[in-house]
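Every number for a ligand or one of its atoms is a count from 1 in the order of the listing. Residues: numbered from 1 along the sequence shown.
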Amino acid sequence: MNVGDRVGILTSGGDAPGMNAALRAAARVGASLGLEVVGVEEGYRGLLEGRVRALDLRLLDEAARRGGTLLGTARSKTFPTPDGQARARKTIARERLKGLLVIGGNGSLTGAQTLSDVVAVAGVPASIDNDLACTSMAIGVDTAMNTIVEAIDRICDTASAHKRTFIIEVMGRDCGYLAMTSAIAAGADAVLVREVGRDDNAIVDQVVRAMEAAYTRDSGKSRVLVVKAEGVKLDSARLKEAVDARIATSLPDVDTRVTVLGHVVRGGAPSAFDRLLGARLANCAMRALHAGQTNFMAGWLGPGITREACSYDPYVVLTPIDEVLTETARLMDGESPLARWRKRIFEEIDSVLIR
Ligand code: F6P
């Protein structure tokens, strides 16, 4: 790219803490390279509606401390349609965009790829679900994990005081990563994830076993904390009913409660790690776009990633978007080596936590 070339940035899909830090870094790095970086409001919806605006560095400096996204985000249903595509392309031409930096998850990257014939595209992974391949962490995961652990620590006070069992449901869409990692960090007694493939009866069994081990053995435990991933299709209220029915005679004095953490998990000030992750990924994405690269995602190095780090940062890998999408599908279908490793850990953890 040349000095003065215009690059648009958008945030798309579910917001994630750290998106603003990525925006700030992209805007600053772009400016330092002589590019004109502009913001597209509300993701692809704003792109097809032509809502493009200048970025205010001072506002971004402040926003970087906050969750959400200064640009707004959306899950546009119109964008993938022929009409949506044509309108987005019109905006790109009218605004003379040479590059488009997309900060978001799986659907957002798919969207970016559809425009790669008219503009250079780069992706930065952001989603609390950590369901994207080719990056060991997405922006927002670390903050969400910390939020869940803090919430579970609070719930644990009540659970211990009343000798109760709490089923704590956490977000993550179809991915059990957030549930698993926060359950370990918070010292939970059981974790329920979709990936293990248990049917409803087996899930109820798992909770009842954890309760019997805690309350009827001489275990010294005064509470049971069960972390349930959103991806487990058995409704949490129905799970509680089924568990209550099963323990009615064996543990008559034990109460169960359900807490659905919901969107609480997605908000809040980004952790230092998420701010830095957003900044480092956006830095590399902007530099690579400037150097003429296109159709890639900047991901964070880690297990299962075989590509070499890029020249801008020893922790950042640039992977073609189509490879990211293929590997992500394999991760969610349980077919990739990383998916198999996660499933093994999900299976092994049961007998570790129950003690
Ligand atoms: O993808 C992030 C996420 O928070 C998921 O964990 C959750 O399933 C979904 O978004 C909720 O989406 P919405 O905010 O549209 O209800």
Can you give each donor-acceptor pair under 3.5 Å made by side-chain atoms of residues 252-264, sequence neighbours left out, with the distance rounded to 0.1 Å?
{"residue": "Thr256", "atom": "OG1", "partner": "Lys240", "partner atom": "NZ", "Å": "3.1"}
{"residue": "Thr256", "atom": "OG1", "partner": "Asp244", "partner atom": "OD1", "Å": "2.5"}
{"residue": "Thr256", "atom": "OG1", "partner": "Asp244", "partner atom": "OD2", "Å": "3.2"}

When the ring planes of Trp300 and Phe273 are compared, do they come out parallel, tilted or perpendicular, using 30° and 60° as the limits?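 Answer is perpendicular, since the angle exceeds 60°.
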[X] neighbourhood, listing ligand 1 atoms whose heavy-atom distance to it stays under 4.0 Å:
X	value
Glu230	5 (C), 6 (O), 7 (C), 8 (O)
His263	13 (P), 14 (O), 16 (O)
Arg266	2 (C), 3 (C), 4 (O), 9 (C), 10 (O), 11 (C), 12 (O), 13 (P), 14 (O)

Shortest protein contact, atom 2 (C) of ligand 1 (heavy atom only):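 Protein heavy atom at minimum distance: Asp129 OD2, 3.3 Å.
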Glu36 with Arg6: basic N within carboxylate O range, under 4.0 Å: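 Yes, this pair counts.
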Assess, by modelled atom type and distance only, whether the side chains of Asn20 and Arg24 contain a donor and an acceptor separated by less than 3.5 Å.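 Not at all, the side chains of Asn20 and Arg24 share no donor-acceptor pair under 3.5 Å.
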When you measure from the heavy atoms of Gly172 to every atom of ligand 1, does any distance fall below 4.0 Å?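 Gly172: in contact with ligand 1 (<4.0 Å).
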Looking at non-hydrogen atoms alone, which of Met171, Arg75, Arg173 comes nearest to atom 13 (P) of ligand 1?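 It is Arg75 whose heavy atom sits nearest to atom 13 (P) of ligand 1.
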Other hydrophobic cluster members with Leu276, side-chain heavy atoms of Ile/Leu/Val/Met/Phe/Trp/Tyr under 4.5 Å, chained?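 Same cluster as Leu276: nobody, lone residue.
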